[in-house]
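Letters A, B, ... mirror the listed sequences (proteins, then strands); counts begin at 1.
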Amino acid sequence: MLYINCSQNYIKPYIHGYQLVTTGMFKLYLACGFTSTAHKVFDKSPERHATVTHDQGYEALASFVRGNGLGKKPTNYELCTALNCCAKTRNSQLGSQIHAKILHMGFHHNLYINSSLVNVYTKCGSTGDAKKVFDGMEFHDEVSWTSMICGLSQNGQGGEALCLFKEMLATRVRPNCVTYVSVISGCTEQESVFKCGELLHAHVIILGHESNSFLISSLIDYYSKCGKMDIAVMLFGSCKPGDDVVILNTMISAYTHNQQGGDAFKLFRKLRDENIIVSEHTLTSILDACGALTVIQQGKQVHALVTKMGSDHNTFVVGALIEMYSKCGNIDEASHVFDQAVYKNNILWTSLITAYAQSGRGLDALKIFDNLVMQKRFYPDHVCFTVVLTACKNSGLLDKGIGYFKKMTSDYNLAPEIDQYACLIDLYARKGDLKSAKKVMDEMPFYANAVMWSSLLSSCKEYGNVELGREAAYKLFELEPSSPVPYLILADIYAGAGLWNEVHNIRKLMNENGVRKSLAGWSCVG
DNA sequence: TTAGGGTTAG
């Protein structure tokens with residue numbers, strides 16, 4: 001039994017935040033059959049940028065929902081189209097309901113329908129459900145294999161995508177360009193699969209796909225994220241400028257992320273001089289370069305172009321402008337850009353709070369956060385809490401920080417993640433409450449990482465705690481075996497306590513473990 | 001009727 005014409009179902013999950021309320025309104029209008037109003041709501045939605053193909057989705061989905069409301073039996077083609085729309089609009093709820101209908105109607109053997117289901121589930125972040133559908137399929141074609149591989153890649157499971165790709169190679173179905181694009185894009189997330197990209201590149205060359213623009217951009221992205229800029233530049237050199245704006249944008253980002261902001265700028269200027277049409281992605285990437293280079297004059301010129309292109313409605317571009325002004329030290333202009341923004345979503349609010357926090361105005365950052373929360377205009381997520389806790393940390397506000405940490409669970413039902421625990425530990429440690437910091441580390445549901453032990457070790461040096469300092473340093477010897485830093489800090493701690501024999505032992509241990517003291521200016525004694 | 005690349009907050 002399906003209830004997809006029941007509007008309540010659409011509203012319930014979308015009560016958090018302006019952006020989601022807008023999405024909920026869109027879905028409500030759509031569900032009630034008011035497609036033109038749904039169009040209007042969606043046209044004003046900040047989520048509009050989420051996919052370029054949304055527009056093709058409304059009418060088909062609305063028609064399907066209306067038909068279902070009238071008790072009309074859908075064909076397998078219509079179910080497929082409806083699932084496709086669910087994937088594009090990230091509507092997991094309707095997708096699951098359609099899945100139930102598919103099972104009820106006995107269409108679950110259909111290859112196309114199953115591929116679409118895999119796509120819906122992965123686009124909505126449910127790779128487990130997608131895998132269940134995939135594993136239950138009687139046979140796979142290149143599209144269904146690729147859907148699953150791509151879904152894993154897009155959900156940060158590059159290692160799993162690669163394993164599935166290997167399974168595919170063992171079958172009679174051959175991977176195509178799309179499969180390679182999908183699997184290569186998954187190789188940029190985890191270091192464990194970094195080296196596989198080169199092997200996949202070799203496959204691409206052997207198969208003669210090296211001129212495919214999707215493959216070129218994914219390979220440029222891959223090599224730049226592995227730090228192999230020479231190969232990225234070589235691949236870029238094989239294309240004609242203006243052939244594909246995505247390749248250009250990938251190259252601009254590649255330069256920026258590899259501390260080559262000047263080259264990013266040169267490329268951008270070349271595009272402008274040659275009247276090559278740039279996209280909003282280009283603006284975002286070049287603003288990123290301006291921030292990295294702290295070149296506010298160029299940043300302002302790009303801002304003028306943003307206005308000229310009418311791109312100030314795009315939340316990605318607005319976010320990049322805020323970050324650029326903030327990095328260039330002009331927090332007032334960052335704030336002004338935010339005030340002028342037509343659509344303000346959670347991410348943009350977080351960008352503003354971050355801008356204040358990183359400009360040494362932690363108290364202002366917290367004030368903005370408190371006001372927003374009080375007015376119920378904003379429902380913070382984990383990232384926002386990390387920003388807020390960092391602001392507390394940098395301003396030395398231990399009690400406030402503890403209060404925000406507790407609010408995560410009590411007010412927002414958010415289980416703290418490792419990043420927020422790291423902030424809390426650092427808060428306690430910086431204030432000298434090393435006992436509480438250690439207690440959090442012992443009791444939290446995560447293994448303490450190197451960041452946490454380093455934070456504890458630094459504070460042990462600051463507050464002269466030899467016992468805990470020793471424990472932290474020895475943990476770091478295991479976690480970061482080639483780093484001289486924990487050895488040197490522990491030596492400082494020993495020296496501060498007058499334990500000269502221990503200082504000599506640490507020096508000996510460094511030699512034994514083959515760790516080289518390579519930090520210029522480090523204040524190690526002896 | 002099924003699949004693809006590049007961009008935001010710490």
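Here salt bridge (charged side-chain N to carboxylate O under 4.0 Å, His left out) pairs that include residues 227-238 of chain A, with residues two or more places apart or in two chains, are A:E198-A:K228. Identified under the side-chain hydrogen bond (donor to acceptor under 3.5 Å, both in side chains) test for residues 361-370 of chain A, with sequence neighbours left out: A:R361-A:D364, A:D370-A:Y404. Sorted by first then second residue, the ring pair (Phe, Tyr, Trp, His ring centres under 6.0 Å) pairs that include residues 248-269 of chain A, not counting sequence neighbours, number zero. For the salt bridge (charged side-chain N to carboxylate O under 4.0 Å, His left out) condition, the pairs that include at least one residue of residues 203-223 of chain A, sequence neighbours left out, are A:D221-A:K225. Annotation: ring pair (Phe, Tyr, Trp, His ring centres under 6.0 Å) contacts involving residues 196-241 of chain A, sequence neighbours excluded, comprise A:Y180-A:H203, A:H201-A:Y223.
You won't find any donor-acceptor pair under 3.5 Å spanning the side chain of A:N212 and the base of B:dG5, going by distance alone. For B:dA3, its base sits under 3.5 Å from the side chain of A:N176 at one donor and acceptor pair at least. Side-chain atoms of A:S218 and base atoms of B:dG5 include no donor and acceptor less than 3.5 Å apart. Residue side chain A:S116 does not reach the base of B:dT2 through any donor-acceptor N/O pair under 3.5 Å, judged by distance alone.
For residues 220-228 of chain A, proximity to DNA chain B is found at A:D221, A:K225, defined as any non-hydrogen atom under 4.0 angstrom from a strand atom. Using a 4.0 Å cut-off on heavy atoms, the residues of residues 124-143 of chain A that approach DNA chain B are A:D141, A:V143, listed by number.
Residues satisfying the side-chain contact (heavy atoms from CB on, under 4.5 Å) test with A:Q154, not counting sequence neighbours, are A:K123, A:C150. Qualifying side chain to side chain donor-acceptor pair (under 3.5 Å) partners for A:Q375, counting only residues two or more places apart in sequence or in other chains: A:R377.
A distance below 6.0 Å separates the ring centres of A:W145 and A:F134.
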